[in-house]
Amino acid sequence: MTDPQEQSQPFSRRTEAGLVAAILVISAVLGISSMMLDGPTFDEPVYLMAGYEYLRTGNFEFNSEHPPLWKELAAIPILLSGVKGERFNPWAASNPIDMPTAFFRSRLVLFLLFPITGLILYLWAKQCWGVRGGLMSLFFYAFSPNLLAFARLVTPDFPVAAFSFLATWAFWLFCQRLTWRSFVWASVALGLAMTSRYTALLLLPSFGLILLLSSRVSDKDHLWEKYPFMTHWWLVMVIPMAMAGSGLVVVALCYGITGLPTYFRGLGKFFSHATQSGHSAFLLGQYSETGWWYYFFVVLFLKTPLPALVAFVVSTGIAVKNRHHRNINLFLFIPVLVLLTAASVNKVNLGIRLILPILPLACVAIGQLALLPQLRSRMAQVFLALGLLWYASSATRIHPHYISYFNEIVGPEEGYNYLSDSNLDWGQDLPRLALYLKEQGVEGILLAYYGLDSIQYYGVKAQYLPIGDRHQDENARSRSQGYICGERPRLLAISATVLKGVTLDNHQTYKWLEEMKPVRRIGYSIFVFDITDNERASAELAKLLE
């Protein structure tokens, strides 16, 4: 195994900087260009409304089940645009900016976290594995379809991944340099993660386990030389809790100080939802309200590019055998194991986005492949180059439909038969449906849509069909405004999640549509059927609408 400290500088400083910049710029172009084409996803309008209300009124009760930092950041462009009123309606005609512009600006603010996190990831991986390892880690990060999918959205999924990664890196720095400055920096980073999503609190047991296990594999690390944690076991609890207590200052600032109690009330709601109420979920043809312990392992297997799966398995084997870097690997693998363990008992099985924080850490771990002496052979380098090209093609081939990415085991075309919700269909393709209808000269359709976007905003009339959510179905009926689709051709568009009946009490409600061939797939999340003069369709619709 090659020591990164013994490696010669493989590139000039200018070449190294150029490669890092090129990787980050290309991935940023992919992310920004794709976010311009996606409509508001299921939760984004609510989050943006909440962030605007926080900044405008200082009231944090709305959408309190998620901490406010990223919502506040996303709402800054809305506030600066001159929108009036205490509650922001993205579709209101009175807004000084239109809905697509509002979402693009807000998404762009949060997307800035993506290249910043990538640069930090490179610097950490470079320090651990050398320049080649740093570039490999950055490459896997920058072209991850799943990270690109959620870095572009106004949701907590990427912010908590970014800030959790930052907190883990800062904790590693603290363990290297036992100073008050490094403690404050680690506490601030942990506070940023805590005010992004409540799952960031899992960093506390992760850090405790790292301290405990590190005492058995200590090398030349200053912290473990000074404090053998097997004998000073109380520090395993005190240090993470002290950081969390200090991090609450950051949390309090995000809540405007006086709103801090809302953080703890929101934590109660979040914990109740995760452990008691659950959520409608779909996996491999099965339905559940309480989830499956193996759900996220299946999700990772189907939605992670195959080269990344292979690279992570190999890097795990290296980490187990490589005693020289065992302390480093504790920081990379322990948080991953803790989050996956917690996810296994979580009753909310909504998609890979809920375990997104493991991906940046996995990317750093993959960088240690560069230490393999076998990579000095020409044949190994050819295979590595082909694997990296294959991996990068995963991000370019699925562009701009990153939410719907599935690896070659399934493919995005068949993904709806295996998973649903934010793994594939989060309402993002409604603008593309409207564009298709405009091209076809169709002014009205029947629509069973899983999302909060409005087809009327794009100039299309719709006779809404039930999707199984009481509030949404009531809103849908009011938005139909008595419209009955009788156009020819008579088209029916349905979201993949609804087609599979995930949100419906009777999961077979729309099963009859799967016996028909769609005339068009919009992205990978909406099916369009022509039901003109179709007696079976007319009979089934009559039952639904009676």
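Since this is a predicted model, take the numbers as computed values, not measurements.
Contact detail for F527 and P518: the closest heavy-atom pair is CD2-CG, 4.0 Å. When all heavy atoms of L350 and S422 are compared, the pair lying nearest together is O-OG, 2.8 Å. Of all heavy-atom pairs spanning A193 and L203, the tightest one is CB-CD1, 4.2 Å. Heavy atoms only, all atoms of each residue included: W91 and P40 are closest at CZ2-CG, 4.4 Å. The two atoms that bring V299 and L419 nearest to each other are CG2-CD2, 3.9 Å, heavy atoms only.
Judged by distance alone, the side chains of S144 and N146 never bring a donor and an acceptor atom under 3.5 Å apart. A side-chain donor-acceptor contact under 3.5 Å links S33 and H399. N63 and K71 form a side-chain donor-acceptor contact under 3.5 Å, judged by distance and modelled atom types alone. Remark: the S525 side chain and the D429 side chain contain an N/O donor-acceptor pair separated by less than 3.5 Å.
You'll find the side chain of I403 stays beyond 4.5 Å of the side chain of L424, heavy atoms only. Put simply, the side chain of S394 does not reach to within 4.5 Å of the side chain of N407, judged on heavy atoms. Residues I522 and L430 are not in side-chain contact: their nearest non-hydrogen atoms beyond the backbone lie 4.5 Å or more apart. For the pair P100/Y457, a side-chain contact is recorded, criterion being any heavy-atom separation below 4.5 Å from C-beta on. For the pair H279 and N349, the minimum side-chain heavy-atom distance is 4.5 Å or more. In this structure, L108 and L112 have side chains that are not in contact, with every pair of non-hydrogen atoms separated by 4.5 Å or more. A heavy-atom distance below 4.5 Å is not found between the side chains of S404 and F406. Side chains of M35 and F111 form a contact here, defined as non-hydrogen atoms less than 4.5 Å apart.
Heavy atoms of other residues, nucleotides or ligands lying less than 6.0 angstrom from CZ of F271 number 12 at most. Heavy atoms of other residues, nucleotides or ligands lying less than 6.0 angstrom from OH of Y391 number more than 12. Atom CD of E443 has 12 or fewer neighbouring heavy atoms from other residues, nucleotides or ligands inside a 6.0 Å radius. Heavy-atom contacts from other residues, nucleotides or ligands closer than 6.0 Å to OH of Y483 number more than 12.
Here the CG-OG distance, from L48 to S106, works out to 4.0 Å after rounding to the nearest 0.5 Å. Residue L384 holds its CG atom at 8.0 Å from CG of L369, rounded to the nearest 0.5 Å. Annotation: the span from F62 atom CZ to T262 atom OG1 amounts to 14.0 Å, rounded to 0.5 Å. Distance check: L492 CG to L465 CG gives 5.5 Å after rounding to the nearest 0.5 Å. Separating the OG atom in S81 from the CD1 atom in I97 is a distance of 3.5 Å, to the nearest 0.5 Å. Expressed to the nearest 0.5 Å, how far OH of Y510 lies from CG of L499 amounts to 10.0 Å.
Taking the six-membered ring for Trp and the full ring otherwise, the centers of Y402 and F150 sit at least 6.0 Å from each other. When ring centroids are compared, F139 and F143 come within the 6.0 Å threshold. Y141 has its ring centre less than 6.0 Å from the ring centre of F114.
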Step by step, would you call L306 with W390 a side-chain contact (heavy atoms from CB on, under 4.5 Å)? CA-CA 9 Å; L306 294 180; W390 180 5; 4.0 Å; yes

Between Y416 and Y524, does the ring pair (Phe, Tyr, Trp, His ring centres under 6.0 Å) criterion hold? Intermediate values first, please. CA-CA 8 Å; Y416 75 103; Y524 296 99; over 10 Å; no

So K303 and N423, side-chain contact (heavy atoms from CB on, under 4.5 Å) or not? Walk me through it. CA-CA 8 Å; K303 286 187 66 68; N423 287 309; 3.3 Å; yes

Report the C-alpha separation of F333 and F312 in whole Å, then their side-chain angles, then the decisive distance to 0.1 Å, and conclude whether the ring pair (Phe, Tyr, Trp, His ring centres under 6.0 Å) test is met. CA-CA 11 Å; F333 285 92; F312 184 72; 5.7 Å; yes

For side chain to side chain donor-acceptor pair (under 3.5 Å), just list the numbers for D425 and T497, CA-CA rounded to whole Å, side-chain angles, deciding distance to a tenth of an Å, and then say yes or no. CA-CA 6 Å; D425 167 27; T497 299; 2.9 Å; yes

Can you check ring pair (Phe, Tyr, Trp, His ring centres under 6.0 Å) on W70 and F163, steps first, answer last? CA-CA 11 Å; W70 51 278; F163 288 129; over 10 Å; no

Stepwise, does the side-chain contact (heavy atoms from CB on, under 4.5 Å) test hold for L300 with I355? CA-CA 9 Å; L300 284 171; I355 55 169; 3.7 Å; yes

Working for side-chain contact (heavy atoms from CB on, under 4.5 Å), residues M136 and L138: CA-CA 5 Å; M136 187 177 296; L138 178 61; over 6 Å; no

Before giving the answer on salt bridge (Lys or Arg N to Asp or Glu O under 4.0 Å), spell out for R87 and E53 the whole-Å C-alpha distance, their side-chain angles and the decisive distance to 0.1 Å. CA-CA 6 Å; R87 185 64 61 89; E53 184 170 329; 2.6 Å; yes

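Listed for the S27 side chain is a donor-acceptor partner under 3.5 Å among the backbone atoms of L24. At distances below 3.5 Å, not a single donor-acceptor pair connects side-chain atoms of Y122 with backbone N or O atoms of L135.
Contacts of Y458 classified as ring-ring contact (aromatic ring centres under 6.0 Å, His included), with partners at least two apart in sequence or in another chain: none.
The aromatic rings of Y263 and Y255 lie perpendicular to each other, with more than 60° between the two planes, well past the 30° mark. Aromatic ring orientation, F165 versus W124: tilted (interplanar angle from 30° to 60°).
Sorted by first and then second residue, the salt bridge (charged side-chain N to carboxylate O under 4.0 Å, His left out) pairs with a member in residues 34-48 read D38-R152, D38-R432, E44-R107; sequence neighbours excluded.
A salt bridge links E16 to K126: at least one charged side-chain nitrogen sits closer than 4.0 Å to a carboxylate oxygen. Taking the charged nitrogens against the carboxylate oxygens, E65 and R197 have no contact shorter than 4.0 Å, which rules out a salt bridge.
At least one cation-pi condition fails for K500 and F282: the charged atom is not both under 6.0 angstrom from the six-membered ring centre and inside a 45 degree cone around its axis.
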